[in-house]
Amino acid sequence: MEEYLKTKGRIFDIQRYSIHDGNGIRTIVFLKGCVLRCRWCCNPESQHYEIETMMVQGEPKVIGEDTTVAEVMKTVEKDRTYYRRTGGGLTLSGGESLCQPKFARDLLRAAKESGITTAMESMGCAPYSTIEEILPYLDQYLLDIKHMNPEKHKEFTGRSNELMLENAKKIADSHMTELSIRVPVIPGFNDTEIEIRDITEYVRKLGNVRRMHLLPYHRLGQDKYDGLNRPYLMGDVKPPTNEKMERLLKVAEEVSGVECRIGG
């Protein structure tokens with residue numbers, strides 16, 4: 001067996017038949033561990049690298065499993081027919097995939113070597129040298145940009161945004177992957193027309209961006225916080241209305257010069 005197929009990593013879920021997070025029908029592998037602590041995170045069980053127990057519908061569930069690239073690929077390979085028919089493939093998500101850089105790189109490499117297209121959902125929050133090792137095996141980079149203001153970014157996510165914005169530029173300039181920018185639209189954080197315009201102007205300057213997604217905030221992860229015995233920091237914040245999302249989409253379309261959509 002090739003050495004890279006033995007690389008170990010820690011995952012907490014594999015979701016098959018997904019139509020989000022990349023083109024076509026996809027298998028999403030969720031990696032454990034994240035550098036950010038976004039208040040609205042809908043996968044709080046992804047944040048800590050440690051294996052944890054979460055109460056799910058009154059039953060304790062172990063979150064986190066150590067595995068190898070070869071083991072994960074057995075599941076990924078099962079849906080090859082669907083990938084071929086729809087242009088789908090493997091997507092890495094998390095957490096932040098770059099927290100397990102060797103495992104992420106070798107998983108993407110294994111997919112590419114077996115003719116399966118690849119995508120990664122990520123904040124780009126790692127040294128660029130880490131990202132550079134992954135790019136040769138990555139067809140689509142789904143990159144989060146949450147805010148242009150470093151202080152506000154830090155207040156809501158626990159970390160400033162300079163490194164991520166620098167990396168976005170370097171990824172765009174590399175021309176090595178199809179880059180999509182994803183903006184989670186969070187009430188009270190970045191849901192004004194001015195804030196979306198600021199992000200969109202940055203996206204326009206990046207050049208080489210395929211499309212921009214505005215992802216409306218939702219409360220679907222709230223029960224998980226109870227299950228982990230952690231406070232849900234968004235309180236009673238309501239998801240943005242459809243009208244508001246349409247208004248923000250219009251701003252993004254006017255400014256960005258790229259295809260824009262809600263969701264995805």
Side-chain angles (χ1 to χ4, degrees), residues 1 3-22 25-80 82 88-111 114 116 118-123 125-126 130 134 142 144 157-159 184 215 217-235:
M1 189 192 282
E3 209 50 42
Y4 73 90
L5 293 171
K6 299 176 188 168
T7 303
K8 292 191 167 110
R10 185 169 287 176
I11 65 173
F12 67 94
D13 199 9
I14 298 182
Q15 192 181 317
R16 292 166 68 192
Y17 315 120
S18 174
I19 52 164
H20 300 291
D21 305 318
I25 290 175
R26 311 197 69 81
T27 298
I28 306 179
V29 179
F30 291 87
L31 277 62
K32 199 107 163 63
C34 190
V35 279
L36 301 186
R37 293 292 179 267
C38 303
R39 290 185 191 178
W40 58 87
C41 179
C42 60
N43 287 337
E45 76 276 34
S46 74
Q47 293 175 351
H48 298 304
Y49 178 70
E50 297 74 39
I51 291 172
E52 314 171 76
T53 302
M54 178 166 80
M55 295 301 286
V56 179
Q57 294 169 336
E59 298 290 325
K61 182 184 177 187
V62 174
I63 306 289
E65 173 196 346
D66 291 331
T67 184
T68 63
V69 168
E71 283 165 354
V72 172
M73 284 307 295
K74 281 182 197 159
T75 305
V76 174
E77 291 269 4
K78 287 178 184 171
D79 298 318
R80 187 182 276 284
Y82 295 111
L90 165 71
T91 298
L92 300 189
S93 187
E96 166 57 77
S97 311
L98 297 173
C99 289
Q100 298 187 51
K102 284 192 176 62
F103 184 57
R105 179 197 66 199
D106 291 351
L107 251 180
L108 295 167
R109 178 180 171 186
S114 57
I116 293 170
T118 58
M120 180 172 74
E121 205 184 1
S122 156
M123 282 84 70
C125 193
T130 301
I134 285 172
L142 310 169
D144 267 32
T157 72
R159 196 172 272 216
L215 309 175
Y217 163 72
H218 58 73
R219 304 178 65 88
L220 298 178
Q222 191 176 353
D223 291 349
K224 295 177 178 180
Y225 287 83
D226 297 337
L228 290 163
N229 211 6
R230 286 194 223 156
Y232 185 63
L233 298 174
M234 293 301 287

Pair E3 + K6, salt bridge at N-O below 4.0 Å
yes
So D66 and K8, side-chain contact (heavy atoms from CB on, under 4.5 Å) or not? Walk me through it.
CA-CA 7 Å; D66 291 331; K8 292 191 167 110; over 6 Å; no
Please determine whether the number of non-hydrogen atoms from other residues, nucleotides or ligands lying under 6.0 Å from atom CZ of R159 exceeds 12.
no
Contact summary for L142 and A119, nearest pair of heavy atoms
CD1-CB, 4.5 Å
Considering non-hydrogen atoms only, spot the tightest contact between S93 and I28 and give its length.
CB-CG2, 3.7 Å
Trace of the side-chain contact (heavy atoms from CB on, under 4.5 Å) decision for D226 with M55
CA-CA 8 Å; D226 297 337; M55 295 301 286; over 6 Å; no
Less than 4.5 Å apart, any side-chain heavy atom of L92 and any of L107?
yes
Main chain of G33, side chain of Q100: is a donor-acceptor contact present, judged purely on distance under 3.5 Å?
no
When rounded to the nearest 0.5 angstrom, what is the spacing between CZ in R80 and OG1 in T27?
11.0 Å
Taking every non-hydrogen atom, the tightest pair across A104 and S97:
CB-O, 3.7 Å
Does any part of the side chain of T75, heavy atoms only, come nearer than 4.5 Å to the side chain of V29, both counted from C-beta?
no
Can you check whether M234 reaches Y217 side chain to side chain, under 4.5 Å on heavy atoms?
yes
Residue set satisfying ring-ring contact (aromatic ring centres under 6.0 Å, His included) with Y232, at least two apart, ordered chain then number -> Y225
Closest contact, heavy atoms only, M73 versus A110
CG-CB, 3.7 Å
Under the ring pair (Phe, Tyr, Trp, His ring centres under 6.0 Å) definition, can you give me all pairs with a residue in residues 33-73, not counting sequence neighbours?
W40-F189
Within 6.0 angstrom of I19 CD1, more than 12 heavy atoms from elsewhere:
no
Please say which of L31, L98, L90 ends up in a side-chain contact (heavy atoms from CB on, under 4.5 Å) with M120.
L98
Is any side-chain heavy atom of R230 closer than 4.5 Å to one of Q47?
yes
E96 side chain vs M123 backbone, donor-acceptor pair below 3.5 Å:
yes
Side-chain touch F30/S46, heavy atoms, less than 4.5 angstrom
no
If you round to the nearest 0.5 Å, how far is CG of L215 from CG of D144?
7.0 Å
Enter the distance from N43:CG to C38:SG here, rounded to the nearest 0.5 Å.
11.0 Å
Please report the interatomic distance CD1(I63) to NZ(K32), rounded to the nearest 0.5 Å.
7.0 Å
Can you name the nearest heavy-atom pair linking A111 to T118, along with the distance?
CB-CG2, 3.6 Å
Euclidean distance, Y4 OH relative to T68 OG1, rounded to 0.5 Å:
12.0 Å
Distance in Å, L108 CG paired with I116 CD1, rounded so as to fall on 0.5 Å steps:
11.5 Å
What are the two closest non-hydrogen atoms of E52 and E45, and how far apart are they?
OE2-O, 3.4 Å
